[in-house]
Visitor: 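Have a look at this one before I ask anything.
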Amino acid sequence: MNVISGIQITGSALTAEKTRMDIVAQNIANAQTTKGADGKPYHRKVVSFETLMNGSAPGAPAGGVQVASVTDDPTPGPMVYNPGHPDADSKGMVAMPNVNLAYEMVDLISSTRGYEANLAVVRNAKQMAHKALTIGH
Amino acid sequence: MIDKLFNDPTYAMSKAMLDVTTQRHEALAANIANVNTPGYHRVDVSSTFTDELQKQFKAGHPDAASARANIVATDPTAGSVRSDGNNVQLDQELLQMGSNEMQYETLTEFVSDSLAQLKTAIKGQVT
């Protein structure tokens, strides 16, 4: 029993959305990284969510949400002519990361809005709990 | 004799409805939590359950239906599936949540008022 109903559900969503924001931050930070630990240019990471089921029975009501996986976006990044670059190949071309700032900003806004919506749920739940606690007063 | 006071049909009915409202809040919270989950289908208090509850209320068993499991089910009427297969509409969910909260508030006020009435009857004076 929870005083504030659905708090685990909303809590899991806040965690998931924040993970998504962290990944966006990582992608933007690495927008110019031409050499990662594997010697290759950085590949943008993509987060995918999955529903956390509430109990194992089939048809059980949906629960919270969790990060299912963080995968690399396999699309190749652009090749840029920059012969002075230390990572340039013999023709002077440099393989750049496949980070697209516009995509990242859209993801960032979408996760911010999701986070805000979940905070609205918490406010709502708190008010309901408050009302329940003042029954008889 | 005191049991009778707390098993008044309208009182028992509002207790059952408070439970349903809490369940609905959890369903709506799950929908908002999964607004970015691909393939998620929104859930809500099922219409078969509300029909059943109404029937039970009319038959004079205000408590019977609230004990039933599977109150929350996938909403078959939800339309507008996005390209990722998710059919949650954030604005709609927040609106529903607001009205659900108002319903909860109305019920708690009702329960509080009936308790106050009872107190008046016990004391024999208006507090």
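So that the names make sense, note that chain A is the first sequence line, chain B the second, and so on, each numbered from 1.
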Visitor: What residues of residues 36-44 of chain A make heavy-atom contacts with chain B at a cutoff under 4.5 angstrom?
Guide: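 Interface residues of residues 36-44 of chain A: none, nothing closer than 4.5 Å to chain B.
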Visitor: Is there a path of hydrophobic side-chain contacts, each under 4.5 Å between heavy atoms of I, L, V, M, F, W or Y residues, that connects A:Y115 with B:V88?
Guide: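 No, A:Y115 does not connect to B:V88 through the hydrophobic network.
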Visitor: Taking the side chain as C-beta and beyond, is there a heavy-atom pair between A:K45 and A:D73 under 4.5 Å?
Guide: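 The answer is no, as the side chains (C-beta and beyond) never meet within the 4.5 Å cut-off.
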Visitor: Can you tell which part of B:L90 gets under 4.5 Å to a heavy atom of chain A, answering side chain, backbone, both or neither?
Guide: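 Just its side chain gets close to chain A.
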Visitor: Indicate, with yes or no, if B:L115 and B:F110 share a hydrophobic cluster defined by side-chain heavy-atom contacts under 4.5 Å among Ile, Leu, Val, Met, Phe, Trp and Tyr.
Guide: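 No; tracing contacts between hydrophobic side chains, which count when under 4.5 Å, never links both residues.
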Visitor: Among the options A:V122, A:N124, A:T134, pick out the one with the most heavy-atom pairs lying under 4.5 Å from chain B.
Guide: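 Looking at each option in turn, the highest pair count goes to A:N124.
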Visitor: Could you tell me which portion of B:E109 (side chain, backbone, both or neither) has an atom closer than 4.5 angstrom to a non-hydrogen atom of chain A?
Guide: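 Interface part for B:E109: side chain.
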Visitor: Side-chain heavy atoms nearer than 4.5 Å, only ILVMFWY residues, links allowed to pass through others: does that put B:L107 and A:I135 together?
Guide: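 Yes, same cluster.
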Visitor: What parts of residues 86-97 of chain A touch chain B if we use heavy atoms and a cut-off under 4.5 Å?
Guide: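 The residues closer than 4.5 Å to chain B amount to none at all.
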Visitor: Of the listed residues (A:Q127, A:E50, A:H130), which shares the most heavy-atom pairs with chain B below a 4.5 Å separation?
Guide: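 Most heavy-atom pairs under 4.5 Å with chain B: A:Q127.
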Visitor: With only heavy atoms counted, which part of A:A132 is less than 4.5 Å from chain B, the side chain, the backbone, both or neither?
Guide: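 For A:A132, the contact with chain B is made by backbone and side chain together.
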Visitor: If every non-hydrogen atom of B:N36 is compared with every non-hydrogen atom of B:P38, which pair is closest and at what distance?
Guide: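 Closest pair (atom of B:N36, atom of B:P38, distance): O-CD, 3.4 Å.
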Visitor: Which atoms form the tightest heavy-atom contact between B:N87 and B:A78, and what is the distance?
Guide: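 So the two residues come closest at ND2-CB, 3.5 Å.
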Visitor: Taking all non-hydrogen atoms of both residues, which atom of A:S12 and which atom of A:V65 are closest, and how far apart?
Guide: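 Of all heavy-atom pairs spanning A:S12 and A:V65, the closest is OG-N, 3.1 Å.
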Visitor: Checking heavy atoms, do the side chain of A:A16, its backbone, both or neither come under 4.5 Å from chain B?
Guide: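 No part of it gets close to chain B.
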Visitor: Mind checking whether B:L94 and B:V43 sit in one hydrophobic cluster, side chains of I, L, V, M, F, W, Y counted as touching below 4.5 Å?
Guide: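 Yes, it is one cluster - the side chains of B:L94 and B:V43 are joined through contacts under 4.5 Å.
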Visitor: Provide the closest heavy-atom pair for B:H25 versus B:N100 in the form atom of the first, atom of the second, distance.
Guide: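 Distance-wise, the nearest heavy atoms are N-ND2, 3.4 Å.
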Visitor: Using only heavy-atom distances, determine whether the side chains of A:S69 and A:T71 contain a donor-acceptor pair under 3.5 Å.
Guide: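 No donor-acceptor contact under 3.5 Å links the two side chains.
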Visitor: Among B:T21, B:T37, B:L28, which residue forms the greatest number of heavy-atom pairs with chain A at distances under 4.5 Å?
Guide: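 Counting heavy-atom pairs under 4.5 Å, the top option is B:T37.
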Visitor: For A:R20 versus A:V47, what's the shortest heavy-atom pair and its separation?
Guide: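 Result for this residue pair: CA-CG2, 4.2 Å.
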Visitor: Closest approach of B:L53 and B:V20, non-hydrogen atoms and distance?
Guide: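 Minimum heavy-atom contact is CD2-CG2, 4.0 Å.
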Visitor: What part of A:S48 lies closer than 4.5 angstrom to a heavy atom of chain B: side chain, backbone, both or neither?
Guide: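 For A:S48, no heavy atom lies under 4.5 Å from chain B.
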